[in-house]
Amino acid sequence: MNPGATAPAPPDSREALLARAQQLAGHTLAEVARQLGWRVPADTRREKGWIGQLLEAALGATAGGAAEPDFPHLGVELKTLPVDARGRPRESTWVCTVPLRAGSLDWHDSWVRRKLRCVLWFPIESGADLRLAERRLGMPLLWQPSAEEEALLRRDWEELMDMICRGGLEQITARHGEALQIRPKGADSRALTDTVSGDGEAVRTLPRGFYLRSSFTRAIIERHYLVPKETM
DNA sequence: AGCTGATCATAT
DNA sequence: ATATGATCAGCT
């Protein structure tokens, strides 16, 4: 991509990955981009995935496109987490596509569970008032769901998938689900995909995705980085 | 102000 | 069209 760029090799352990990520904490996006020989866009309006891709490159993730974790040999998924000045997530987090055509109803087979088995959360200052180049990386966190967290995710997933299997897809809105929600995920509202209606006919519908609510990711962050009561 | 539904880029 | 990476923008 750039002649002078230095793209690191993949880390050989989760510990090495976390250590490398921790070295990036506190740095601005401009600093990270310059090390890689990347230029920083003016904003993310038309390059929404730029920050995630920058960090993938900086951490030595397997480059683009594959339907597997960012670090396949480590089983680790990288997720950037836009946070406000208080360190609270500003957005929900994309997990994976909702299977609308087939698929097991067993949580243990689900893409959601597989995707979230081990996540490297990387908080980053965000907000329209912050120039992209000057945004700073926060302290990364290598997370695996606790029994309670997994039970919550499983409950939402089973409820939502049950509605879909009973032909209730069109009744599902982003208001369903305590931690995990379903929202449209496509190029735009005209993009369609195949599914099966409640009557069993083949029909077209919006592609959907699973997202983690920001309340859920906020709880993860706050559980691991305790902050003084008066700021909460 | 937070949330839901819509949208943007790139690679395969 | 589907996968990857997410954020935008209007409504409540």
Side-chain angles (χ1 to χ4, degrees), chain A residues 1-2 10 29 32-33 36 38-72 76-103 110-112 114-116 119-132 135 137 140 156 160 169-195 202-219:
Chain A
M1 169 171 281
N2 183 301
L29 294 184
V32 177
L36 294 169
W38 288 29
R39 44 177 306 283
V40 183
D43 57 69
T44 54
R45 283 179 52 164
R46 303 195 68 81
E47 300 187 58
K48 296 181 180 178
W50 186 83
I51 298 174
Q53 286 153 6
L54 177 75
L55 288 179
E56 285 177 7
L59 293 171
T62 307
E68 45 181 6
D70 297 300
F71 302 92
V76 175
E77 188 73 24
L78 172 67
K79 291 289 184 195
T80 59
L81 194 58
V83 296
D84 64 18
R86 290 170 150 183
R88 294 174 177 176
R90 300 177 55 94
E91 294 282 356
S92 54
T93 299
W94 155 254
V95 181
C96 62
T97 301
V98 177
L100 294 178
R101 184 74 185 106
S110 73
W111 299 355
V112 172
R114 284 203 279 257
K115 283 278 192 178
L116 299 179
V119 177
L120 180 65
W121 295 105
F122 220 138
I124 171 155
E125 288 181 318
S126 181
D129 53 326
L130 290 174
R131 302 230 323 266
L132 194 53
R135 296 186 191 179
L137 297 169
D156 286 342
L160 291 163
L169 174 64
E170 303 305 334
Q171 277 66 58
I172 294 179
T173 74
R175 293 167 182 81
H176 292 87
E178 184 178 336
L180 192 68
Q181 63 180 171
I182 286 179
R183 304 218 305 276
K185 166 66 171 179
D188 52 50
S189 59
R190 276 93 61 193
L192 295 174
T193 190
D194 295 317
T195 187
V203 292
R204 309 275 283 162
T205 190
L206 291 176
R208 311 301 215 283
F210 284 114
Y211 294 79
L212 296 176
R213 292 186 182 276
S214 53
S215 56
F216 183 76
T217 51
R218 173 181 164 185

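Residue numbers begin at 1 in each chain, while the letters A, B, ... track the order of the sequences. Since this is a predicted model, take the numbers as computed values, not measurements.
- Between the CZ atom of A:F210 and the C1' atom of C:dT4 there is a distance of 18 Å, given to the nearest Å.
- Pairs engaging residues 173-190 of chain A under the side chain to side chain donor-acceptor pair (under 3.5 Å) rule: A:S92-A:R183, A:Q181-A:R183 [sequence neighbours left out].
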Practice task
Determine, for nucleotides 6-12 of chain C in 5'-to-3' order, which nucleotides have protein heavy atoms under 4.0 Å from the base (write B), from only the sugar-phosphate (write S), or from neither (write -).
Solution key: BBBS---
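- Taking atom CG of A:L206 as the reference point, atom C1' of B:dT7 lies 12 Å away to the nearest angstrom.
- Across the protein-nucleic acid pair, A:R208 atom CZ and C:dA1 atom P stand 15 Å apart, rounded to whole Å.
- Neither OP1 nor OP2 of B:dG5 sits under 4.0 Å from any side-chain N or O of A:S189.
- Inter-axis angle, ends of the helix from B:dA1-C:dT12 to B:dT12-C:dA1, five pairs per end, rounded to 10 degrees: 30°.
- Within the 4.0 angstrom heavy-atom criterion, only backbone atoms of the sugar-phosphate kind lie near A:E77; the bases stay farther away.
- If you take CZ of A:R101 and P of C:dA3, they are 14 Å apart, rounded to a whole angstrom.
- Residues passing the ring-ring contact (aromatic ring centres under 6.0 Å, His included) test with A:Y211 are A:W94, sequence neighbours excluded.
- Looking only at side-chain heavy atoms (C-beta outward), A:D70 and A:L120 stay at 4.5 Å or farther from each other.
- Look at CZ on A:R190: it is 16 Å from P on C:dT2, rounded to the nearest Å.
- For A:R90, there are no side-chain hydrogen bond (donor to acceptor under 3.5 Å, both in side chains) partners two or more places apart in sequence or in a different chain.
- Contact annotation for A:R90: no contact, since no heavy-atom pair falls under 4.0 Å across all strands.
- Distance CG (A:D188) to P (B:dA6): 10 Å, rounded to an integer number of Å.
- The nearest whole Å value for the distance from the CG atom in A:D194 to the C1' atom in C:dA1 is 9 Å.
- Listed by chain and residue number, nothing satisfies the side-chain hydrogen bond (donor to acceptor under 3.5 Å, both in side chains) test with A:D84 (two or more places apart in sequence, or in another chain).
- Contact between the side-chain N/O atoms of A:R46 and the OP1/OP2 oxygens of B:dT7 is not found at any separation under 4.0 Å.
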